[in-house]
Amino acid sequence: MWTTVLVSGISMGSFYILIALGFALIFGVTRYFNLAHGELVVLAGYVAYWLWNVYALSFVLTFPVAILVLFLICLGLKRLFARLTEPLELNSIVLSFGIAIVIQNSMLFLFSGNYRLIRIPSLNKSFHFHEVYMSYGQLTLLVLSLIVIFLLYILMYRTYLGKALRATIQNKEAAALAGINVTIMGTFAFCLGAVLIGLAGPLYGCTHYLYPSTGHEVTLLAITITIFAGVGRLSGIILAGWILGLAEAFTVILCGSSWREMVTALLLLILLAFKPYGILGNRES
Amino acid sequence: MINIKTKNFRYGFNKGLSPDKVSLLMGLFLLLLLPLLVRQNDYILQVFTHALLLATLALAWNILGLSGSISLGHAAFFGSGAYASALLSLDLGLSLWITIPLAGFIAAGLGFIMGLICMRLRGAYFALATLAFIEIPRVITDNWDEVTRGSLGLVGLPGFPSLNLGTWHIDFYSSFTASYYLVFIYFLLLLGLVGFIFRSNLGLALQAIREEEIASQAVGIRANSFRLFSMLLSAFFTGVSGACYAHLVRYINPGLVFGLHFSAIPMIFAICGGRFTIIGPALAALIIYPLDQFIFHPLIPTGHEFLYGAVLIFAVLFMPAGFWGSIQRTTN
Amino acid sequence: MFEIFTMKKLPKSRRNFFLSFIRCFCIIFCLSILAFRSNTSSAATIKIGEINPLSGGLAKNGIEIHQGIEVAVAEANEAGGIGGNQLELISRDDQSRPDVAISRAEELCSWQKVAALTGGYVDSLVGPIAAVAKKYRIPYVASASLQKELAQCKNPFFFRVSRLQDFVEPLCGILTQRFKPQHLAILHAATPGSSELARDLERCLKTHGLNVKLIEKFRPGTPNFTPLIAKMAGMNIDVIVSGGFTPDHILLVRQLKENRISPKAFIGPFGIAYESFIKTMGKDADYLYSTCAWNPGITEPGTEAASIAFIQRFVRMFKQQPNTTNMHGYTSARALIAAMQAVLHNGLPLTGDNIRMALTKLDLVLPMEHLAFDKTGDPLHYKHVVVQIQKEKLVVVYPSDRASGQPVYPMPPWDQR
């Protein structure tokens with residue numbers, strides 16, 4: 001029993017990491033909280049669902065289209081965020097809250113509130129692994145998330161762009177002084193974020209039921225993981241995702257399924273109350 | 001949100017009969033006469049009753065908003081107030097005139113707990129903490145079957161008891177006019193109270209905290225204590241509004257009263273109407289909610305609530321001081 | 001461009017006038033829009049209102065109830081209407097949200113001035129609508145409501161065509177008489193009807209000496225049941241009763257298969273006995289149990305002709321086979337139509353109180369049940385049978401007087417299919 005729980009927790013946790021990466025990147029570079037993050041993931045999922053359902057597009061091909069749509073939307077969002085005045089973080093929360101409501105209702109209008117699921121039969125087959133059965137769906141989530149994290153790692157730590165991004169994350173003013181164009185970095189962050197959300201969305205659509213109001217839970221997840229990890233640490237996000245996935249799984253076993261939703265919220269509250277700058281992160285001024 | 005450097009910032013209650021005061025009185029007069037104006041249409045009355053209730057929520061939210069804190073989690077107080085009053089009146093049979101204030105105190109107690117957790121946080125982090133906080137009372141209420149009936153919700157709650165004033169028999173259940181005036185009176189009381197708070201020392205202290213926290217602390221204002229106190233007041237009145245809602249609608253369940261609907265909407269009204277004004281939030285509630293129900297809902301049956309998101313975006317980007325706040329700033 | 005809103009450029013006196021004007025204008029504007037749009041009911045039609053979740057998580061079921069009601073209304077109109085007047089069905093969507101249900105009910109009762117209300121799915125939506133109906137003294141026949149308290153609420157204007165104990169009794173019967181599991185688990189969704197089903201089923205089982213090992217509540221729409229499945233496997237659960245809805249069953253059964261956990265029986269009272277579920281799941285749906293009030297081929301004895309007529313009309317109108325949810329909508333609408341006919345037949349005006357009175361005296365034999373209401377508004381003769389999906393078809397397995405086949409128990413493990 002415990003190995004099944006472990007496997008489930010880790011694979012779900014890996015997916016949470018993928019979801020949170022986009023949020024963390026945008027927040028790290030631009031210091032904007034994007035409370036509409038969950039709605040964007042769900043929107044990407046809907047785009048993939050629509051293509052898969054109406055146009056019978058192969059699931060793999062829905063990813064590039066979802067990424068493209070999110071690209072355009074995120075660029076639009078960046079322009080909205082750019083108009084914000086001080087204090088940036090608080091105003092970005094309020095603004096993105098409004099954007100989340102607009103996106104949620106647009107999805108309600110366009111797709112209605114029915115539960116939608118992208119059904120891929122091959123993902124439901126399972127294979128034997130020691131004493132545990134793992135579905136190909138769980139395996140895909142795990143492997144894909146790890147691949148994306150690895151690629152992101154290469155980008156951030158082995159390229160010049162990544163270096164500039166990391167510099168901006170660590171200290172915006174110092175980066176600007178060093179000659180990095182902080183605004184362009186912000187745009188890059190949004191673009192990268194769009195790619196990550198575009199990857200997470202279709203995956204969300206084939207593992208979870210899509211309905212307009214599910215975005216809120218996703219946003220809360222992303223925020224919790226980002227705050228847990230602190231700003232600018234990839235390893236923190238990986239750890240945070242896995243811990244959250246495992247915490248949820250163990251809560252179900254020990255306390256019952258009905259307490260599952262409280263785990264994320266409780267974790268976030270505890271973090272904010274005691275360690276708002278992350279478990280592993282450095283203290284920000 | 002805005003660094004206001006001018007010192008003569010009054011909230012529109014100048015001495016004498018200023019134009020703002022006149023328009024305020026005119027608006028209140030119209031609301032007073034509303035039932036007579038819409039004799040044939042109970043639906044309009046119901047919508048405005050709900051709008052007035054939301055206005056009280058927005059006013060209560062604004063007590064905390066005055067200190068510059070944005071709370072995304074007031075549904076926690078609304079829901080706990082609703083459940084407290086409902087359970088006390090249903091299970092213990094207490095009169096509503098007791099359970100409703102008691103519900104306010106219970107909500108304030110919850111506000112105290114939230115305050116203890118969140119008081120050290122500022123700005124964005126405070127907002128996030130309040131967002132997470134809603135889940136706690138909601139999941140507990142949903143799971144604590146023995147006391148709250150869990151997901152079953154509470155059915156058949158007692159309504160307001162009928163009053164006998166001389167020859168007048170007022171039955172709140174069947175008379176929509178009576179429940180409208182009940183909420184209207186509560187709204188007036190809260191409006192007066194909020195006005196009093198804004199002009200009192202507490203109000204001045206909260207403004208000072210909002211604008212320059214470090215400087216105000218240097219002057220001796222203990223920021224955390226004042227914010228905590230404003231949180232308690234805000235939670236109290238939100239709880240009372242929640243209790244009123246429960247006894248007007250007579251059916252509640254966790255998803256309904258702890259929903260984001262009651263968290264987001266007061267915040268939206270307060271920000272769009274004007275966070276630093278007294279009547280701004282109420283004004284926004286009384287204009288936007290009927291607009292949504294009468295015009296947008298028939299036009300766009302699913303998805304009409306985008307209106308709330310749209311006005312919020314508009315307010316944040318173009319009118320940070322809110323509609324009434326922007327008008328007021330040019331008074332001075 | 002937007003400076004006008006900050007109004008920095010206008011002179012002071014003009015601005016004050018402007019702002020007062022705006023305030024009054026807004027309120028008057030709203031009111032005038034209303035007066036302009038206020039509804040004048042045409043005297044020739046009789047209005048029936050329905051409120052269903054046509055969007056949101058329960059949309060599938062809400063739409064099915066709506067379709068059933070439409071069939072009943074079309075049937076009545078084709079036969080000449082009621083007392084010579086055609087019926088007008090006014091539909092509203094409550095978006096699976098109680099607050100929207102309340103405002104739609106208010107709108108239908110006070111603005112549209114409907115003669116009666118029907119529809120509804122899930123008690124968190126039906127409850128508020130019933131409260132509004134009582135306030136306006138308009139009868140409400142709920143198509144799908146289970147929560148016991150709603151009927152006990154002394155609401156003379158609330159009626160319903162379904163009842164919780166008729167879900168519980170056959171389940172209790174088959175579990176205690178046929179299956180006799182060692183370790184039973186009851187899962188239920190966080191909705192009133194599902195929670196109450198779990199509670200009443202546990203009580204009923206206890207009085208027959210069967211103890212439930214595990215009761216768990218989950219939120220409808222939960223994405224991942226694997227930890228719960230692992231927990232049940234760890235407790236050696238042999239029979240699972242799951243009070244979730246169709247989407248939950250699809251996920252749960254699929255994840256049971258992924259983890260190669262084969263309980264001896266899986267019973268899903270709501271949401272399994274549907275052709276759409278069988279089509280979605282294919283072979284994986286075999287050997288699952290459910291309860292059913294009506295299905296093409298499973299009908300109240302003596303009503304076969306009416307059942308076939310209903311199916312034919314439904315197929316003609318919607319190009320698909322009807323299911324039990326459609327029939328619930330149809331039954332509730334038929335109740336209202338029959339009551340209104342009785343009122344007009346006696347020469348009385350069509351008021352809420354008269355329709356209510358007629359409903360209390362109703363006695364109608366319909367494919368789903370012999371419909372008559374008791375003093376609290378509950379149906380007297382609502383019955384469910386336990387069905388099992390065998391070779392992708394529904395087979396009645398309990399009670400024996402209506403059974404058409406034997407249950408296959410235990411369910412063959414996933415590997416051996």
Side-chain angles (χ1 to χ4, degrees), chain B residues 18-20 22-24 26-27 30-31 34 37-38 40-47 50 142-143 145 149-156 173-174 176 249-256 259 261-262 283 286-287 290-291 293-295 297-298 301-302 317-319 321 323-324 326-327 329-331, chain C residues 2 5-8 10 12-13 15-17 19-24 26-28 30-31 33-35 37-38 54-55 92-93 95 97-99 102-103 106-107 109-111 123-124 127-128 130-131 134-137 147 149-150 152-155 188-192 194-196 199 217 219:
Chain B
S18 69
D20 297 314
V22 170
S23 57
L24 171 69
M26 268 194 337
L30 261 175
L31 284 175
L34 191 74
L37 295 171
V38 293
Q40 45 311 35
N41 212 320
D42 285 330
Y43 180 56
I44 304 182
L45 211 55
Q46 291 289 73
V47 169
H50 197 82
D142 204 37
N143 290 334
D145 289 350
R149 326 276 199 282
S151 319
L152 263 66
L154 295 171
V155 171
Y173 186 54
S174 52
F176 308 114
V249 170
R250 307 183 64 162
Y251 174 93
I252 55 175
N253 74 14
L256 176 62
H261 180 86
F262 286 111
L283 188 61
L286 289 166
I287 293 181
L291 197 71
Q293 289 292 305
F294 293 140
I295 298 182
H297 191 114
T302 43
L317 291 179
F318 303 116
M319 280 201 296
F323 177 64
W324 190 251
S326 305
I327 295 174
R329 290 185 63 208
T330 57
T331 311
Chain C
F2 291 98
F5 290 102
T6 52
M7 286 195 256
K8 289 198 188 95
L10 292 177
K12 196 165 168 178
S13 56
R15 188 192 32 76
N16 291 331
F17 171 76
L19 88 91
S20 319
F21 176 73
I22 282 195
R23 249 201 115 164
C24 300
C26 288
I27 299 181
I28 294 178
C30 292
L31 297 178
I33 289 277
L34 250 98
R37 290 172 58 106
S38 84
L54 300 175
S55 63
R92 288 291 179 264
D93 174 15
Q95 299 174 23
R97 283 169 49 177
D99 49 314
I102 294 170
S103 48
E106 299 268 0
E107 187 214 332
C109 292
S110 68
W111 194 0
D123 291 289
S124 44
K134 182 179 176 187
K135 195 158 58 165
Y136 288 91
R137 308 186 70 82
Q147 191 176 1
E149 272 180 78
L150 286 182
Q152 288 158 4
C153 215
K154 298 196 197 47
N155 184 348
H188 65 101
T191 64
S194 188
S195 306
E196 206 158 15
R199 197 178 65 186
K217 171 160 61 175
R219 189 148 305 276

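The sequence lines fix the lettering, A, B, ..., with proteins before strands; numbering per chain opens at 1.
Within the 4.5 angstrom heavy-atom criterion, only side-chain atoms of B/Asn253, from C-beta onward, approach chain C. In this structure, chain C has no heavy atom under 4.5 Å from any part of B/His50. In this structure, the portions of B/Asn143 lying under 4.5 Å from any heavy atom of chain C include both its backbone and its side chain. Proximity to chain B involves both the backbone and the side chain of C/Ser124, based on heavy atoms less than 4.5 angstrom apart. For chain B, the nearby part of C/Arg219 is the side chain; its heavy atoms alone come within less than 4.5 Å. Using a 4.5 Å cut-off between heavy atoms, C/Arg199 touches chain B through its side chain atoms alone. Both the backbone and the side chain of C/Ser103 come within contact range of chain B, with heavy atoms under 4.5 Å apart.
Of the possible polar contacts, none joining the C/Asn155 side chain to the C/Lys134 backbone as a donor-acceptor pair under 3.5 Å is found. A donor-acceptor pair is defined here as one N or O able to donate and one able to accept, closer than 3.5 Å; such a pair exists between the side chain of C/Ser110 and the backbone of C/Glu106. The backbone N or O of B/Pro254 lies less than 3.5 Å from no partner atom in the side chain of B/Asp142, so there is not a single donor-acceptor pair.
Proximity of B/Val47 to B/Phe294: side-chain heavy atoms (C-beta onward) are separated by under 4.5 Å at one or more points. Looking only at side-chain heavy atoms (C-beta outward), B/Asp145 and C/Lys217 come within less than 4.5 Å of each other.
For the atom pair C/Leu150 CG and C/Glu196 CD, the distance stands at 8.5 Å (nearest 0.5 Å).
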